[in-house]
Amino acid sequence: MTNSRASVPTPVNEPVRSYAPGSPERASLQRHLAQMKAQDPVQIPAIIGGEAVMTDTQQDVVAPHEHAHVLGHLHNVGAPEAKQAVDAALAAREAWGRMAWQDRAAIFLKAADLLAGPWRDTLNASTMLGQSKNVYQAEIDSACELIDFLRFNVKFMEFIYEQQPISSPGVWNRTQYRPLEGFVFAVTPFNFTAIQANLPIAPAMMGNTVVFKPSHTATYSAHYTMQLLAEAGLPPGVINMVPGRGAPIGDAIMVHPELAGLHFTGSTRTFKHLWKMAGQHIDTYKGYPRLVGETGGKDFVVAHPSADAQAVATALVRGAFEYQGQKCSAASRAYLPASLWPTIQTAMKEQLDEIKMGTVEDFSNFINAVISERAFNDITSYIDAAKAADGVTLIHGGGYDDSEGYFIEPTVFQVEDPMYRTMCEEIFGPVLTVYVYEDKRFDEILKVVDATSPYALTGSIFAQDRRIIAQATEALEQSAGNFYINDKPTGAVVGQQPFGGARASGTNDKAGAYLNLLRWTSPRSIKETFAPPHHFGYPFLG
């Protein structure tokens, strides 16, 4: 036993490696990609109580950019295994919740260092192959952002525990930040390995045990993430992975009396469904479950006539088309002044003409495949409808091919109606819609931006005139939880831009900040009186 007062290392954001030609990290990752692609398909089981659970219901996990190539065999689970996972989480809860916070911190700090070192190529390669991310998008996600979540959240945990009340003479007041009573259900998306890992890890860090359901299209990287956590020393049962179809798993877990919280990233429709389930079963639960969700977005870029046209064009290309637009923060609607539109259009098309599309193994490809056949069909239906619609002009792209991989060209439409469906509905693919407005209508356009979409996740304003920046920042106060000035509306960094939005975009509990970790605690106030009174009387009674 030690009576020292621990302090965790001060975190700094993990440096992003360049993977430039000739660099050692490029050669190392390319070797790892080749090895992982050449190996036999891996078995991807459920992990319940630290044990691999195989089932008879298997599903191939394929590379989206080469869908004939099978990466693994996923063992889908159903309601019986989901209940088994809940039992495992509850069985591990007491020992994990009572573990000293310094020991919990050490596990996740070790995971961060393992990922920064020997595990980096594995997580990056599995994300590239399984989720069709280019090398840079994988590096900033499955390496840097996940490392940042691990290191910064440990520091946020320490910060929370340090927040203590004042004490009056003769009294010692304390706050205990208890884990929630029960278990947490983490439901994660396909598009970010870092989010996939952080959703179960953040509650676990605060002493909770978790049932973790990954998206089936991201289970290849989830499989290796679970191995990383095991090597870092995470005890069995703290995080239990249950891959499978959403309904059988969700229906079994959301009605459990000991459900203490839901940590969700995914579609607005699914989150609303789970919220309704919680409401319908509120009398079943031991307490009120914490419902934390980050959902959809219809993210905007607004340019003022004073904006730098070249900067706007670059922000649109990067913001709309990095990772094929499959980011909840992706720029998908733009409002551009007529005076700048010709310059922006020319610059944007010149950059788009330079972009190459193909497999992730070729590091010269900026665009890769969308995640699945279902996504491919959904996105291309929007493209086909827009091509046939009146008042819509195809500016760039519009082509697609799923013969070998789910490839869709970066596509830009210009619309005459700012309420056309591609300006309003979340597409989650490489489709950008532009509305060109008369310069004098800028004030009106700010109102249109705010009223167009039910979402409020990210957005940006481009202007050189400081008065305009101030005006737009105020006018769009409720339109985006992450607001960018003269920058694309994507790329939030842990510890720098805590991420989340409101309205239909979620509960805005800010991943990458201490605010999110607070949601996974149940504070208890403790008052200790050193010399208690021995009679009921007060002086006023004299």
- Task: Assess whether side-chain hydrogen bond (donor to acceptor under 3.5 Å, both in side chains) is satisfied between Thr458 and Asn482, documenting all intermediate values.
- Result: CA-CA 5 Å; Thr458 74; Asn482 282 56; over 6 Å; no
- Task: Apply salt bridge (charged side-chain N to carboxylate O under 4.0 Å, His left out) to the pair Arg503 and Asp450, showing each step before the final yes or no.
- Result: CA-CA 11 Å; Arg503 294 182 180 169; Asp450 182 63; 3.1 Å; yes
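- Side-chain contact check for Glu158 and Ser7: at least one donor-acceptor pair (N or O, by modelled atom type) lies under 3.5 Å.
- Between the side chains of Ser329 and Asp299, no donor-acceptor pair is found at a separation under 3.5 Å.
- Counting only N and O atoms by type, the side chains of Asn13 and Asp148 include a donor and acceptor under 3.5 Å apart.
- A ring-ring contact (aromatic ring centres under 6.0 Å, His included) check over residues 282-340, counting only residues at least two apart or in different chains, returns the pairs His304-Phe442.
- Within the structure, side-chain hydrogen bond (donor to acceptor under 3.5 Å, both in side chains) pairs that include any residue of residues 375-384 comprise Tyr382-Glu425, Asp384-Tyr400 (at least two apart or interchain).
- Residues passing the side-chain hydrogen bond (donor to acceptor under 3.5 Å, both in side chains) test with Gln131, sequence neighbours excluded: Thr193, Ser221.
- Formation of a donor-acceptor pair under 3.5 Å by the Asp509 side chain with backbone atoms of Val292 is not found in this model.
- Side chains of Asn153 and Asn516: a donor-acceptor N/O pair is absent below 3.5 angstrom, by distance only.
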- Message: Test salt bridge (charged side-chain N to carboxylate O under 4.0 Å, His left out) on Glu444 and Arg441; report intermediate values, then the result.
- Response: CA-CA 5 Å; Glu444 177 187 342; Arg441 294 181 56 222; 2.8 Å; yes
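- A donor-acceptor pair under 3.5 Å is absent between the side-chain atoms of Ser453 and the main chain of Val449, judged by distance alone.
- Residues forming a side chain to side chain contact (heavy atoms under 4.5 Å, CB included) with Ser339 (at least two apart in sequence, or on another chain): Pro305, Pro337, Asp439.
- A donor-acceptor pair shorter than 3.5 Å can be found between the side chains of Gln137 and Lys327.
- Contacts classified as ring-ring contact (aromatic ring centres under 6.0 Å, His included) and involving residues 467-525 (residues at least two apart or in different chains) are given here: Phe159-Tyr514, His263-Trp520.
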- Go through the steps for Gln471 and Asp443 under the test side-chain hydrogen bond (donor to acceptor under 3.5 Å, both in side chains), then give the verdict. CA-CA 9 Å; Gln471 176 191 357; Asp443 292 356; 2.7 Å; yes
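- Ring planes of Phe271 and Trp275: perpendicular class, angle over 60° (limits at 30 and 60°).
- Between the side chains of Thr127 and Lys133, no donor-acceptor pair of N or O atoms lies under 3.5 Å.
- Applying side-chain contact (heavy atoms from CB on, under 4.5 Å) to Pro289 and the options Ile282, Leu274, Val184, Leu262 leaves one that passes, Ile282.
- For Thr433 and Arg333, the side-chain atoms include no donor-acceptor pair closer than 3.5 Å.
- Ring geometry, Trp101 versus Tyr161: the interplanar angle exceeds 60°, so the pair is classed perpendicular (tilted spans 30 to 60°).
- Qualifying side chain to side chain contact (heavy atoms under 4.5 Å, CB included) partners for Phe407, counting only residues two or more places apart in sequence or in other chains: His65, Met357, Ala369.
- Side-chain polar atoms of Asn124 and Glu139 form a donor-acceptor pair below 3.5 angstrom.
- Side-chain atoms of Arg524 never come within 3.5 Å of backbone atoms of Gln176 as a donor-acceptor pair (strictly under, hydrogens ignored).
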